Structure formats: structure tokens, C-alpha cells
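The structure under discussion appears below in the form of C-alpha cells.
The shown structure was predicted, so the numbers you read here are calculated from the model rather than taken from an experiment. Basis for what follows: all heavy atoms, side chains included, without hydrogens, waters or symmetry-related copies. Each chain gets a letter, A, B and so on, in the order the sequences are listed, and its residues count up from 1.
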Protein chains: 2
Amino acid sequence: MGRRRPGTPTLEEVAARAGVGRGTVSRVINNAAGVKESTRRTVQRAIEELGYVPNLAARSLAGRRADAVALVMTEPDWRQFAEPFFSEIVSSLGDALSDTGMQLMLTLVRSDAERQRFLEYARGGRVDGVLLMSVHAGDPLPDMLAEARLPTVLLGRRSGDEYVSYVDVDNVGGARSAVSHLLERGRRAIATITGPADMYVTQCRLRGYQEALALAGLEGEQTLVAEGDFTTESGRRAMAALLRRHPEIDGVLAASDTTAAGALETLHSAGRRVPEDVAVIGFDDFPLAQRTTPRLTTVRQPIEAMGRAMVRLLLEEMEEGAVAWRHVILRTELMVREST
Amino acid sequence: MGRRRPGTPTLEEVAARAGVGRGTVSRVINNAAGVKESTRRTVQRAIEELGYVPNLAARSLAGRRADAVALVMTEPDWRQFAEPFFSEIVSSLGDALSDTGMQLMLTLVRSDAERQRFLEYARGGRVDGVLLMSVHAGDPLPDMLAEARLPTVLLGRRSGDEYVSYVDVDNVGGARSAVSHLLERGRRAIATITGPADMYVTQCRLRGYQEALALAGLEGEQTLVAEGDFTTESGRRAMAALLRRHPEIDGVLAASDTTAAGALETLHSAGRRVPEDVAVIGFDDFPLAQRTTPRLTTVRQPIEAMGRAMVRLLLEEMEEGAVAWRHVILRTELMVREST
DNA sequence: ATGAAAGCGCTAACAT
DNA sequence: ATGTTAGCGCTTTCAT
């Protein structure tokens, strides 16, 4: 195939035009020290006049770096994509990366074939590191990347003994404090709508939920637990099922912002008043959902900090050549807004 | 910075191990014809044993192609991201590209700085072509890419005389047939919730809406038009405003699936029955929304075909070196499901 | 401070 | 059918 872009000036032509060596031009475009101010300007003018743009393939080859990192979504059905959580994370990663001069590229891995393709792409040196979102328990991609010694950082972990570098939040603690909060306010029939059962984050939050109940001397009933998948629709469905089984429910811990929104809709339709009859706590509470269905209490995840931490870990791994894994667990915070 | 991955075997080492020349190895990894089956296997064994992976930077440099295309979102506030339409398009692009062996990478351009960064990235040869989604009227990125002679295909156009290659649908016709359909069923007070006013797609659909009314001898009132931004929330808000101004509304044309969903929610809350009191038609109707709020009639966009067409145009431009622009306008289809 | 030169790992054209 | 060779455009010593 004849994919090519002819007529692109090279560094050599710039050097010729500026009457300097190629090394000097290289130093100029990389802002390296040790170039006389006057020559720097001469070179810069030549660059402008020729409309020179560095060839990144050549730079990669010579410099052995890609100046790009991939953010991979392995979500098999990626309705997750639509989560405000997801876009907030992407935003914060973009911000954190913008200082480093690296490009962030999103990649979707929906099948084994795509997983393989991405692996070749990454091992081929097109990215310097990989960030992974929403990893499910059995996902082999982190291991494949680790084996290839590619700097890799997960958002969340696949299990309690995850080794690959990750940034996670204290999900057990977050869930526990949310449920404890409800119990202190006198709620007794507290249900929970979880995320996908094969995600560690789900298990952690469930444990927090159960621990809080146990602390209060209550024993969690299996029928007060409904599985969702972080979407609004799953929140609606799960809430409806819970109400059918337990009309007496007076508190709910939801897996996410959007799940909580779905649950609230169903509660409203069923004529329940919120929070008078039923209090709902979810993880995070984004502006859009707030406008629709304001809640008073949420478990807040420090999304900005999560993005920054992921980038920091990745840079550290890149720096030293992926010889060690690092783990960061950030605190969640129970956020209570006073009703107005 | 010490970003590097040492110990990666090269093609040369593979050649040595297999006892062949580098050319032969190159032919094998590229599945080129003209290699004896026995040597091919010898080489393949050497590749396996060494765990060889081609260096893509070197390949790019020598072959002058990146084997990757970027899908760029320029949406300044990218709640669009959450649209099923968006994920469907990405899916169809992924499918269409998977045959070509090219990587699809999503890129977000949220600011001028990011626009510039992406431009350097693309001009630097990291992608062979660029796909652009949801371009607003004044977006300069398509022109910048065109000037750099980068194969580029837009989804939708910035105006009626767009020149850069694009794939669009017949928005005027789609909107017109939807409104005509409503008129034929006896509706008279038909409102519309549009997309952002600075998008050509919005103007086209509005024109279709007005044309249908004019054909029926009605004159469209300005107050029957409300601006949204494709989101569910904007659908709710706009519908509420419309109902306030025109309680007699008996038909609505919505900008999208999600906008329609929002409008339907508001209608339900207001005690209106759908479609007995008010009929709602939107562009597209995705499974998720269907479950929540089934509608009977939609304007269907051929999303699969749109993705395929975009990839085809891009490949053609790449083939010939971006010497011509191509435009494709796909038909929309009014889809009437019989109520059950 | 700057120029010259040696690669980086691959593809493709040219030999054989 | 396969080996050889000349780049691709840049970064990075090493001289000067």
C-alpha cells in the first residue's frame, strides 16, 4: 500500500538551510542546553520556513521511546464507557500527562484477537507504558504486559494479592463507613446493589457492607444483595428486585453514581420518598446525576488524585525499567451534604 | 529519561539463529510470498524461541507507515462520549479496521494545546489517517489536517459546503420524513429538541422539520424549537420548557436517542401518555433506551454502514496520497415498530 | 558551542 | 528462493 507523505522536510534539510550540523538542530528541537542563543534562533527560523515536523518514528527508533501511553479498556461490554467516572478519570489522566509531553491514547480491547493485537502494538514499542481500567478477575492482559516488562499500572486490582502496579481506593472502608452512617441514622433494612461479581472492587465493597452490619450486630441477608454492572439500567432493575423481596428496605448502598441514579428512579416510581423512606448512598456523585437526582450522602473517590497517582507510578516504572511494582491505595471520604 | 526495554531480540538475531538473511525473515513476518515452506518454518521457530517482536518504530521508519489511525473527539465537553451512538460508531470502526491490521486509537482533544499536540503527533507520522467525530462548525482541526495532507474523514460535516472528506447521513430527509409521519397521523402541535446550534447536523434536522411543516401548510413557531446537546438531561430540560410554553404539544422530534429518553421521562412525570397524548421520534433507538422507554418510531441511521464507509474513504485517501476528497451521504430510514 | 559519525531495527530494491 | 545492501530520519557520543 502506498501510504506515505512525501515532501516532508527532514532534520538534515533544516540543518543545511540553517548552515549548521544535524546535531545542533536536534538540540534545538529538543530544547537541549548548550546552544548559543543566536544559532538557536537561526535554526528556529529555518524550521518555520520549511514547516519542519520531526518524524516520530525516527525519533522513537533512535531514542527508544514512544512518548505515548495507552489507556486500555478491557470491558467486554463497555457501557462502562458511558460512566461519568470513566470520563473523569480520562480527564485527570490527560491533565496529569500533559506536563510530560506524552500522548494519551485510548484503546478498546473487546476480544482475544484485539488483546493480542494490542499486545503486539505495545511490545512493538509504540507506547512507553500502559494504563488499564476496570480489570476483571481473570484478565490475563496485565500478566502479558508484565511478562513483556512493559510499565503497567492498573486502576483497581484483580484480587487481594495483585502484584502488578496499581492504584486503588479503600473500597472496604468506603462501603463500611457508608453503611455505618446509615445504621447510625437508625436505618435497619439496608440493601446493596453491587458491581459485577467477578470484579475485586465489588467483593471489597460487599465486605465493607457486611462488616458494618456485623459491627452493629446485624447479620446480612443474602437477599438484600443484588448484582448490577455499574449502569443506570442495572440500578433500576436491581432496585425493583430488592423492593419486591424486601418492601421494608430503608437504606441502600449502590455501586456507583449511575447505579444509584437508577435505583432512585425506581424508588420514585414506586412512590418511596428519598431520603425520608429510603436513604441511598453511592460511590461518587457527579454533577449530571446531581441535577437529576440529588442525594445527600456519597462515598467520594479522589479521582484527580487517582489519575495523578497512576501517571506517577507509570513514570517511575518507566524511569527505572520496570524492575519493581508499586501499589497505592487512596482513602475514600464519606461526604455528607446538609439538606437545604 | 531512561525509557527503554533492553534485551529485545532484533530481526537480525532471528536471521542469524535461523541461518538465513534478514530479508527472508522480513518476508516471513510480513507473510510475503516467495519463501520456501521449510525455511519459513525454520524462521518461525527461531522467532518463537527468541520471543521476537518486530520493532514498530523501525518498521514505520523504513516502511513510512504507522499502521494506525486515530479517531479524534473534539467535543469540548464530551458527555457525547456517553452516547450509545458514539460507542456504536467506535465498534463499527473497530470491526471495519480489524481486517486491515491497523490499530484504532481514540484521542481526546479538549483544548487548543491538545489540538496542537495531536497535530504534531499526526504530522509526525504516528498515524496514517484521522477520523473525526462530532465536528462543530468552526473547528479548525480538519483544515489543519488537510493542509498537512493527512488522510482525514469526518463523521458529519461542518457546513453545507464542507470539502474535507466526510460521511454523513441525510439529516434533512430523515427529519422531514419523521415529522411528515407525525402529521399524517394527525398530530398538529409538533415540537423539536435539537442538538447544539453550532453543529450542521442540527441545522439540517431543523430544516427538515420546518420543511415538513411547510409542506403541510403549517408554519413552524420559533417557540416549538428547543436546543439541547444530545444528552438525556438536555432532553428532560428542553421537554419541560416546551411543555411550559405549549401544553398542547402532541408530537416531538428529538435530536437523538438519549435526548428522546430524557423527553419521555419528563412527559411521564408530567402525566402525559406516550404515544396516546404525545408521540416522540428520535434519531436512533438503542437497546438500552428501548428497555427503559420504548418508542414506536425512530429515524434510523445506518451506523454499521457509516463506520464501513469512513474506513473505506480513509483507505482510499491513503492509497492515493490524499489528492482528492470524497463525500458519502447515507440514507436514513424511518422505522415504525408496530405496537404490541 | 558545534560538527561529524555511528548507530537504532527494519523494508525494499537489487543481486544472485 | 534467498542473501546483500542502501537507506528511512533521528539521537547521541565523541571530537574539536
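Taking for each of Arg40(B) and Tyr52(A) the nucleotide of DNA chain D with the nearest heavy atom, the 5'-most of the two is the partner of Arg40(B). Nearest-nucleotide mapping onto DNA chain C: of Val53(B) and Arg27(B), the residue sitting toward the 5' end is Val53(B). Where Glu37(A) and Arg22(A) meet DNA chain C, the nucleotide closest to each residue was compared, and Glu37(A) sits on the side nearer the 5' end.
In summary, Asp95(A) and Arg110(B) engage in a salt bridge, as defined by a charged side-chain N under 4.0 Å from a carboxylate O.
Remark: side-chain polar atoms of Asn30(B) are not paired, donor with acceptor, to backbone N or O of Ala32(B) under 3.5 angstrom. Although no hydrogens or angles enter the test, the distance criterion places a donor-acceptor pair under 3.5 Å between the side chain of Ser165(B) and the main chain of Arg326(B). Panel note: side chain Thr42(A), backbone Ser38(A); a donor-acceptor pair is recorded below 3.5 Å. Here the side chain of Asp128(B) pairs a donor or acceptor atom with the backbone of Ala66(B) at under 3.5 angstrom.
Applying the 4.0 Å criterion to OP1 and OP2 of dG3(D), one finds that Thr24(B) has a side-chain N or O inside that range. Within the 4.0 Å cut-off from OP1 or OP2 of dC8(D), not a single side-chain nitrogen or oxygen of Arg64(B) is found. Side-chain nitrogen and oxygen atoms of Thr39(B) include at least one within less than 4.0 Å of the OP1 or OP2 phosphate oxygen of dT2(D). Contact annotation: Ser26(A) does not reach the phosphate of dC10(D) (side-chain N/O to OP1 or OP2, under 4.0 Å). Phosphate contact (OP1/OP2 of dT11(D), side-chain N/O of Asn30(A), threshold under 4.0 Å): present.
Taking atom CZ on Arg41(B) and atom P on dA1(D), their separation rounds to 16 Å, with Å as the unit. Glu12(A) places its CD atom 12 Å from the P atom of dA5(C), with the value rounded to the nearest Å. Separating the CG atom of Leu11(B) from the P atom of dT4(D) is a distance of 13 Å, rounded to the nearest angstrom. dG7(C) atom C1' lies 13 Å from atom CG of Asn55(B), rounded to whole Å. Atoms CZ (Arg126(B)) and C1' (dG9(D)) sit 13 Å apart, rounded to a whole Å. The distance between atom CG of Leu56(B) and atom P of dC8(C), rounded to the nearest whole Å, is 18 Å. Atom pair Arg59(A):CZ and dT12(D):P shows a separation of 10 Å (rounding to whole Å applied). The interatomic distance linking Leu61(B) (CG) with dG7(C) (P) rounds to 17 Å, in whole Å.
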Item to check | Intermediate values then yes/no, side-chain contact (heavy atoms from CB on, under 4.5 Å), Val20(A) and Val25(A) | outcome: CA-CA 7 Å; Val20(A) 301; Val25(A) 178; 3.7 Å; yes
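Distance from the side chain of Thr10(A) is smallest to dG9(D) among dT11(C), dG9(D), dT11(D). Nearest to the side chain of Ala58(A), among dT2(D), dG9(D), dG9(C), sits dG9(D).
Put simply, the side chain of Ile29(A) reaches to within 4.5 Å of the side chain of Tyr52(A), judged on heavy atoms.
Thr24(A) and Arg40(A) share no side-chain donor-acceptor pair at under 3.5 Å.
Overall bending of the helix from dA1(C)-dT16(D) to dT16(C)-dA1(D), expressed as the angle between end axes built from five pairs apiece, is 40° (10° steps).
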